[in-house]
A.B. asks: 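Questions regarding the structure given below will be posed in turn.
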Number of protein chains: 4
Amino acid sequence: MEGLTKSEIKRNALVQATIHLVNNNGFHATPMSKIAKMAGVSPGTIYLYFENKQDLINKVYLEVKVAFTNYAFQNYDEKMSVKRGFEVIWKQIADFKLKEVEEARFLSQCDNTPMIDEESRNEGIKHLQPLLDLWDRGQKEGIIKKGSHYLLYAYTIYPLAFLMNAQCKNEIKITQEQIQNAYVMAWDSIKK
Amino acid sequence: MEGLTKSEIKRNALVQATIHLVNNNGFHATPMSKIAKMAGVSPGTIYLYFENKQDLINKVYLEVKVAFTNYAFQNYDEKMSVKRGFEVIWKQIADFKLKEVEEARFLSQCDNTPMIDEESRNEGIKHLQPLLDLWDRGQKEGIIKKGSHYLLYAYTIYPLAFLMNAQCKNEIKITQEQIQNAYVMAWDSIKK
Amino acid sequence: MEGLTKSEIKRNALVQATIHLVNNNGFHATPMSKIAKMAGVSPGTIYLYFENKQDLINKVYLEVKVAFTNYAFQNYDEKMSVKRGFEVIWKQIADFKLKEVEEARFLSQCDNTPMIDEESRNEGIKHLQPLLDLWDRGQKEGIIKKGSHYLLYAYTIYPLAFLMNAQCKNEIKITQEQIQNAYVMAWDSIKK
Amino acid sequence: MEGLTKSEIKRNALVQATIHLVNNNGFHATPMSKIAKMAGVSPGTIYLYFENKQDLINKVYLEVKVAFTNYAFQNYDEKMSVKRGFEVIWKQIADFKLKEVEEARFLSQCDNTPMIDEESRNEGIKHLQPLLDLWDRGQKEGIIKKGSHYLLYAYTIYPLAFLMNAQCKNEIKITQEQIQNAYVMAWDSIKK
DNA sequence: GATGAATGAGACTTCATTCAT
DNA sequence: TATGAATGAAGTCTCATTCAT
């Protein structure tokens, strides 16, 4: 984190403030003035870094998405077996969602509401490609059930969003044991 | 549906307008004036039926939730076997989500954003009780995996929201065959 | 003026306030809030009567333009001789500019700056047609010099704007005698 | 033009940028930042040469006014006859307005809106003195009609602004023949 | 009950000006 | 001299809510 210019520090503060406030209040209930205040800058300063509110949200979304997929695929290798590869990716995604809660909740909200531009959303989807490729391979090998990527995603990755949200609301506490249970459920749902 | 008083007709129109507009624009991007216009009443009239915007949303949420659970449990009987009971409930939920798209999307948006009061949300959760009871029974009988209700919900019901949203965005078309596939995946994920 | 509804009274107040403030400060230095205050309404009320600031200016422009041309041509008859007709119109225009100073200054400012939409400006120009027709007749009869309508306008009507502005700044006081002098100059400049 | 210091070059660039932008957008719709960008300097730099925006406009106005009058009176000699002197000055003014369109439009806008300080405007008026003196002489000699300088100006010089503006908007194309026609009209309007 | 004109707080955004470098 | 990031007051406009009719 060292070596950041003042500009980078300010921009980071704006990004973090946006994530935090949108998580707690939603997009439209988060005024630019509050974002500025939380970031410790003047309202006008936001417009030095972002064109407008929509641009701010889009850019934050894409940056968080990149961080997310970088984390998700960090120790994954295409030469791994399908089962092993899936486990690695799934657990890293779970890890991200439980450790980087703010970022993960932000992505979840973006993906479940009409607050992101069509264009930015499409850009964000591309990043999952390695997982989709893995599933294709698994289906070819007869290890994974037939079905669209959407179906596989809905039953393996998407449930994590629900668990994460529940934990945020202090409705549950997710332990390592539960993670393991969830992983088994994810795998059971798609394995042949 | 006959025999509704004028008041009931107006209130219904307001509820439907709210659902439709919030679905397409989100809570904060839906002005009361637009709701009134779509319902064919004056803005002031809304306040005869609801205290304010938040109250309107909360009430609509609860009413849709009730309609949803009524539909979900309509042909369910506690004397059914766990597997059969689960299938009946799951398929009725899937049916609701694909047939009553507007209502289902509305619930999904409410459950994934901070637009509903804590209190109303808690109220809405209670309605699922028969399904939770069924799961308890299944776990006691050793048919269903151990794990919290949240976990079971995340892997059986929650994925439907994702599929429904994808269909709304015209990303996929959900056929009866895919419903059956999804059901199998849901059951596989929680069965022991 | 009797029989105006409350709405009409309010709208009139807004129009008058706009004219007065734009005259003294210019378009961009006249905030909507000041217009509202001078009209005795809340800022939001303006938007019940006009779409936005540009629409407000355009509409005021067109309305004043209509009042102006109505005044200009009120006692004019196409059967009058060219000389007589010109005198009638010219003097009525001069009369308007000296009596309805606020309106006249407003038109002058609109016609000399880029504050009015192309479209509204074109709409406003049409209203002078009877004068242009008169000039055409005069040229056919060999009474008026050859030359475009622009040239004739520049030397007969446009000078009045200068005199009016000078009077507004208290640089001169325009007497009936001076009006007569000005009329002679106008006629001399275009007569053959 | 050679031998300008860097400072003078920058200041000139600022003046030219101001003229161009104010012509096309008006005073209040021309941000200092745009002026700086067009002049190739930093916004802060403007404040090394001018006190503030109002001062910038005032100074530009006065400088353009001086250039204008220098041009207007360049070949004029007080010993010329009234008719000849008027022709020389008028045609030089017309020449300036058609050749130095940017400068001329800028003066026109300044003279027709409340964007220039009272004081600067008064300063600018003084420069026409030789023309006013010529008119006084013409009236004494009985060649020119009685009437205030304002009246004479309104009917000889002011019309040129209208023709120039119309040409800028591509409504007319001013030929040498039309200039001659306009000159005749100007002279006819004031000659006895 | 019903209306809808009116309100005014507050949202997003711009821009003249400053000041540390 | 020169920069340009930063400021924050002020502008346009929206919209939840009220109240006289």
Side-chain angles (χ1 to χ4, degrees), chain A residues 5-7 9-11 27-37 39-56, chain B residues 5-7 10-11 27-37 39-57, chain C residues 5-7 9-11 27-37 39-56, chain D residues 5-7 10-11 27-37 39-57:
Chain A
T5 65
K6 266 190 190 170
S7 268
I9 290 170
K10 245 168 216 180
R11 195 181 182 285
F27 174 49
H28 282 98
T30 300
M32 296 296 260
S33 56
K34 268 196 194 165
I35 295 175
K37 184 170 284 180
V41 300
S42 159
T45 302
I46 300 181
Y47 295 86
L48 296 177
Y49 295 92
F50 305 95
E51 287 173 40
N52 49 45
K53 194 178 180 183
Q54 187 63 58
D55 180 56
L56 165 64
Chain B
T5 65
K6 266 192 193 170
S7 272
K10 263 180 199 170
R11 197 181 181 286
F27 174 48
H28 282 97
T30 299
M32 296 294 261
S33 56
K34 266 195 193 169
I35 294 174
K37 181 172 284 180
V41 302
S42 155
T45 302
I46 299 182
Y47 293 84
L48 298 176
Y49 295 92
F50 304 95
E51 287 173 41
N52 50 41
K53 195 178 181 186
Q54 188 63 57
D55 180 55
L56 165 63
I57 295 287
Chain C
T5 66
K6 267 192 191 170
S7 269
I9 290 169
K10 246 169 215 180
R11 195 181 182 285
F27 175 49
H28 281 100
T30 300
M32 295 297 259
S33 56
K34 268 195 194 169
I35 295 175
K37 182 170 286 180
V41 301
S42 158
T45 302
I46 299 182
Y47 296 87
L48 295 177
Y49 296 91
F50 304 94
E51 287 173 42
N52 51 42
K53 194 178 181 184
Q54 186 65 57
D55 181 55
L56 165 63
Chain D
T5 64
K6 266 192 192 172
S7 271
K10 261 178 199 170
R11 196 179 182 287
F27 174 49
H28 282 97
T30 299
M32 296 294 262
S33 57
K34 266 196 193 169
I35 294 174
K37 181 173 282 180
V41 302
S42 155
T45 303
I46 300 182
Y47 293 84
L48 299 175
Y49 294 93
F50 305 94
E51 285 173 43
N52 52 41
K53 196 178 180 185
Q54 188 62 58
D55 180 55
L56 165 64
I57 294 286

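The analysis underlying the following values was restricted to heavy atoms, covering all of them including side chains, and did not include hydrogens, waters or symmetry mates. All chains are named by letter (A, B, ...) in the order of the sequence lines, taking the proteins before the strands, and each is independently numbered beginning at 1.
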A.B. asks: Shortest non-hydrogen contact from A:R11 to A:F50?
C.D. replies: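 Heavy-atom minimum between the residues: NH2-CE2, 3.5 Å.
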A.B. asks: Around C:E51, counting heavy atoms of other residues, nucleotides and ligands shown, do more than 12 lie under 6.0 Å from its CD?
C.D. replies: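 At most 12 heavy atoms, drawn from other residues, nucleotides or ligands, come within 6.0 Å of this atom.
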A.B. asks: So which nucleotide from E:dT13, F:dA5, E:dT3 ends up closest to the side chain of A:N52?
C.D. replies: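 Selected nucleotide: E:dT13.
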A.B. asks: Should B:K10 be listed as having a side-chain N or O under 4.0 Å from OP1 or OP2 of E:dA2?
C.D. replies: yes
A.B. asks: Want to know the stems of DNA chain F: at least 3 consecutive Watson-Crick or G-U pairs with distances under 3.5 Å, which are they?
C.D. replies: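 The stems are E:2-21 with F:2-21.
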A.B. asks: Which whole-number value in Å describes the distance from D:I46 CD1 to E:dA16 P?
C.D. replies: 9 Å
A.B. asks: What is the separation between atom CG on C:L48 and atom C1' on F:dT14, rounded to the nearest whole Å?
C.D. replies: 11 Å
A.B. asks: Distance check needed: E:dA16 C1' versus D:K37 NZ, whole Å only.
C.D. replies: 16 Å
A.B. asks: Quick one: closest heavy-atom pair of B:P31 and B:A29, and the distance?
C.D. replies: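 That would be CD-O, 3.4 Å.
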A.B. asks: Do you know the tightest heavy-atom contact between C:Y47 and C:N52?
C.D. replies: CE2-CA, 3.9 Å
A.B. asks: What residues, two or more places apart in sequence or in another chain, satisfy side chain to side chain donor-acceptor pair (under 3.5 Å) together with D:Y49?
C.D. replies: D:S7
A.B. asks: Below 3.5 Å between N/O atoms, which protein atoms pair up with nucleotides 8-11 of chain F? Just atom names and distances, please.
C.D. replies:
unit_1	atom_1	unit_2	atom_2	d
F:dG8	N7	A:S42	OG	2.6

A.B. asks: Using the closest heavy atom to pick a nucleotide of DNA chain F for each, name whichever of A:G40 or C:E51 lands nearer the 5' end.
C.D. replies: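 Of the two residues, A:G40 wins.
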A.B. asks: Is the shortest heavy-atom distance from the side chain of D:L56 to the side chain of D:M32 under 4.5 Å?
C.D. replies: yes
A.B. asks: To the nearest Å, how far apart are A:I35 CD1 and E:dC12 C1'?
C.D. replies: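 Going from CD1 in A:I35 over to C1' in E:dC12 covers 11 Å.
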A.B. asks: F:dT14 C1' sits how many Å from C:D55 CG, rounded?
C.D. replies: 16 Å
A.B. asks: Contact class for D:Y49 vs. all strands (heavy atom < 4.0 Å): base, sugar-phosphate, or nothing?
C.D. replies: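 Sugar-phosphate, no base atom in range.
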A.B. asks: Could you pick out which residue, D:F27 or B:S7, lies toward the 5' side of DNA chain E when each is mapped onto its nearest nucleotide?
C.D. replies: B:S7
A.B. asks: Give me the atom names and distance for the closest heavy-atom approach of C:V41 to C:K10.
C.D. replies: CG1-CG, 3.6 Å
A.B. asks: Any chance you could measure A:I9, atom CD1, to A:K6, atom NZ, to the nearest 0.5 Å?
C.D. replies: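 One finds 8.5 Å between CD1 of A:I9 and NZ of A:K6.
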A.B. asks: Grab the OH-P distance between A:Y47 and E:dC12 for me, whole Å please.
C.D. replies: 6 Å
